[in-house]
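Quick notes on the structure that follows.
As a basis for the values below, the full set of heavy atoms in this structure was taken, side chains included, without hydrogen atoms, waters or symmetry mates. In what follows, residues are counted from 1 in the order of the sequence shown.
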Amino acid sequence: MDKEWFLYQEGFEKLDIHAILTRLPFTVSPLIFLALKLFRRLQGQDGDVAREEVPVTPKKIFQILNQTIEALSSVPSPELALRLYLQCVEAANDCDLELVAYEFFTQAFILYEEEIANSKAQVTAIHLIIGTLQWMNIFGVENRDTLTQKATGYSIKLFKKPDQCRAVYACSHLFWVDDQDGIKDGERVLLYLKRALRIANVAQQMASVTRGTGGSITLFVEILNKYLYFFEKGNPQITGSVIQGLIELITIEMQCDNTMPDPSVDAFFASTLRYIQFQKQKGSAMGAKYEPIKV
């Protein structure tokens, strides 16, 4: 009887542990967001909340946050953990805690390198990383450069060429932040857009080799729209002649015999050209900028 009871107890405990692990992804997220809410409250109360014994400080809250997110490694749920680390980065940025924000970014990078192996999950993760880093205004030059190099390095190593291309042109936003004190490095923006174009060209050539016909030129049209974005933002490296050259390149590619027909891409390109024409007809300063571009 004692043995049966012992086995029953053992099985019950194992079932309990399994149930706890299964629920972790659903219970950890609310805890993290509640802790971040408390953390932001502390920001307006001189950094701590008095208690009978030990005051609650932002540093202690972030230590608890880190330990709580680490618990997801036992599930495992690396994609969720990475998202939560990036939420912590944003909170630390809002509260001017550079070292804390840098530490959470480091944890997110480690998680990306060691735990996220699925190619689709990697694509999602790298775009989340780039999007978060883009709007961080707390980092000094050295820390931001280190994080940027990591993000751009991951982008280039993505498995599929189209994914590489899209991540690389997304990285161009890391060098041009559209606010009063934001980074505006036009040369590096152009460098990454050109790199994305080269990757798109390689993807086109690979499609030609494997299928006997050229692949879709949608990547080229997407990059053209990025050029237009930075052109309108006033990047001096993105000129009307540069955009004109890219339009002509896309037109030639579309007329090429081995290019795969794609009505959606045709419509996308036509819509982009209509947008350029619309800007030219506005008659404002922006219209004057677009005037030299022939469509």
Side-chain angles (χ1 to χ4, degrees), residues 25 28-29 32 69 72-73 75-90 93 101 104-136 144-177 188-211 214-230 260 262 264-265 268-269 272:
V28 167
S29 295
I32 295 297
I69 296 172
L72 289 173
S73 63
V75 178
S77 186
E79 293 93 342
L80 176 59
L82 185 138
R83 288 173 182 267
L84 293 176
Y85 277 134
L86 295 179
Q87 288 291 328
C88 293
V89 169
E90 291 184 8
N93 179 79
F104 275 110
F105 243 127
T106 301
Q107 293 296 326
F109 283 142
I110 292 172
L111 199 61
Y112 178 89
E113 291 176 356
E114 297 182 355
E115 301 293 337
I116 300 180
N118 179 275
S119 60
K120 289 185 178 179
Q122 286 181 342
V123 172
T124 302
I126 196 59
H127 281 280
L128 286 171
I129 288 170
I130 293 169
T132 302
L133 181 56
Q134 176 186 352
W135 296 108
M136 297 296 101
R144 187 178 179 89
D145 280 350
T146 300
L147 296 172
T148 299
Q149 287 174 15
K150 280 280 190 181
T152 54
Y154 294 146
S155 300
I156 296 169
K157 293 178 182 177
L158 290 173
F159 181 67
K160 296 180 179 179
K161 288 297 179 184
D163 293 334
Q164 279 184 27
C165 179
R166 292 185 173 102
V168 167
Y169 73 57
C171 285
S172 63
H173 289 279
L174 297 177
F175 307 104
W176 194 277
V177 180
R188 294 181 79 179
V189 168
L190 184 59
L191 173 68
Y192 277 86
L193 291 179
K194 285 182 175 180
R195 185 173 291 177
L197 271 174
R198 289 196 296 270
I199 296 172
N201 188 52
V202 171
Q204 185 86 341
Q205 292 174 356
M206 289 175 63
S208 180
V209 170
T210 56
R211 294 198 295 263
S216 168
I217 62 167
T218 184
L219 291 173
F220 291 95
V221 184
E222 291 174 18
I223 295 167
L224 171 60
N225 279 268
K226 287 296 176 184
Y227 271 85
L228 294 177
Y229 171 84
F230 290 110
M260 180 186 301
D262 190 334
S264 63
V265 178
F268 185 18
F269 185 50
T272 303

Ile129 vs Phe105, side chain to side chain contact (heavy atoms under 4.5 Å, CB included): CA-CA, chis, key distance, verdict: CA-CA 9 Å; Ile129 288 170; Phe105 243 127; 4.0 Å; yes
So Trp176 and Arg188, side chain to side chain contact (heavy atoms under 4.5 Å, CB included) or not? Walk me through it. CA-CA 9 Å; Trp176 194 277; Arg188 294 181 79 179; over 6 Å; no
Take Glu79 and Thr124, measure what side chain to side chain contact (heavy atoms under 4.5 Å, CB included) needs, and give me the verdict at the end. CA-CA 9 Å; Glu79 293 93 342; Thr124 302; over 6 Å; no
I would like to know whether Thr132 and Phe104 meet side chain to side chain contact (heavy atoms under 4.5 Å, CB included); could you show each step before the answer? CA-CA 12 Å; Thr132 302; Phe104 275 110; over 6 Å; no
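Of the possible polar contacts, none joining the Arg166 side chain to the His127 backbone as a donor-acceptor pair under 3.5 Å is found. A distance-only check finds a donor-acceptor pair linking the side chain of Gln122 to the backbone of Ile116 [under 3.5 Å]. The closest donor-acceptor contact from the side chain of Arg144 to the backbone of Leu133 lies under 3.5 Å.
No more than 12 heavy atoms of other residues, nucleotides or ligands lie within 6.0 Å of CZ in Arg83, so this atom counts as exposed by the packing criterion.
Within the structure, salt bridge (charged side-chain N to carboxylate O under 4.0 Å, His left out) contacts touching residues 191-203 (residues at least two apart or in different chains) do not occur. Within the structure, every pair that satisfies the side-chain hydrogen bond (donor to acceptor under 3.5 Å, both in side chains) test and touches residues 104-113, not counting sequence neighbours, is listed here: Glu103-Gln107, Glu113-Lys150, Glu113-Tyr154.
A distance of 10.5 Å separates CG of Leu193 from SG of Cys171, quoted to the nearest 0.5 Å. We find the CE-CG distance between Met136 and Leu86 to be 8.5 Å, quoted to the nearest 0.5 Å. Summarising the geometry, atom CG belonging to Leu82 is positioned 11.5 Å from atom CD1 belonging to Ile110; distances are rounded to the nearest 0.5 Å. Between the CD1 atom of Ile130 and the CD atom of Gln134 there is a distance of 9.5 Å, given to the nearest 0.5 Å. Separation of atoms CG (Asp145) and OG1 (Thr152) is listed at 10.0 Å; rounding is to 0.5 Å. Distance check: Thr218 OG1 to Gln204 CD gives 10.5 Å after rounding to the nearest 0.5 Å.
Evaluation of the side-chain contact (heavy atoms from CB on, under 4.5 Å) rule for Ala196 yields Cys165, Val168, Tyr169, Ile223 as partners, not counting sequence neighbours. Remark: Lys157 pairs with no residue by the side-chain contact (heavy atoms from CB on, under 4.5 Å) rule, at least two apart or across chains. When the side-chain hydrogen bond (donor to acceptor under 3.5 Å, both in side chains) test is applied to Asn225, the partners found at least two apart in sequence or on another chain are Thr272. Legend: residues meeting side-chain contact (heavy atoms from CB on, under 4.5 Å) with Lys120, ordered by chain and number and at least two apart, are Asn118.
Counting heavy atoms from C-beta outward, Asp163 and Ser119 have side chains that stay 4.5 Å or more apart. By the 4.5 Å heavy-atom criterion applied to side chains, Trp135 and Glu90 are not counted as neighbours. Annotation: side chain of Phe269 is in contact with side chain of Leu224 (closest heavy-atom distance under 4.5 Å). Looking at heavy atoms from C-beta onward, Phe175 lies in side-chain contact with Thr148 at the 4.5 angstrom threshold.
Closest approach of Pro78 and Leu111 over heavy atoms only: O-CD2, 3.2 Å. Of all heavy-atom pairs spanning Ala167 and Leu158, the tightest one is CB-CD1, 3.7 Å. A pairwise comparison of heavy atoms in Pro162 and Leu219 identifies CA-CD1, 4.0 Å as the closest pair. Pairing each heavy atom of Ala101 with each of Val89, the nearest pair is O-CG2, 3.7 Å.
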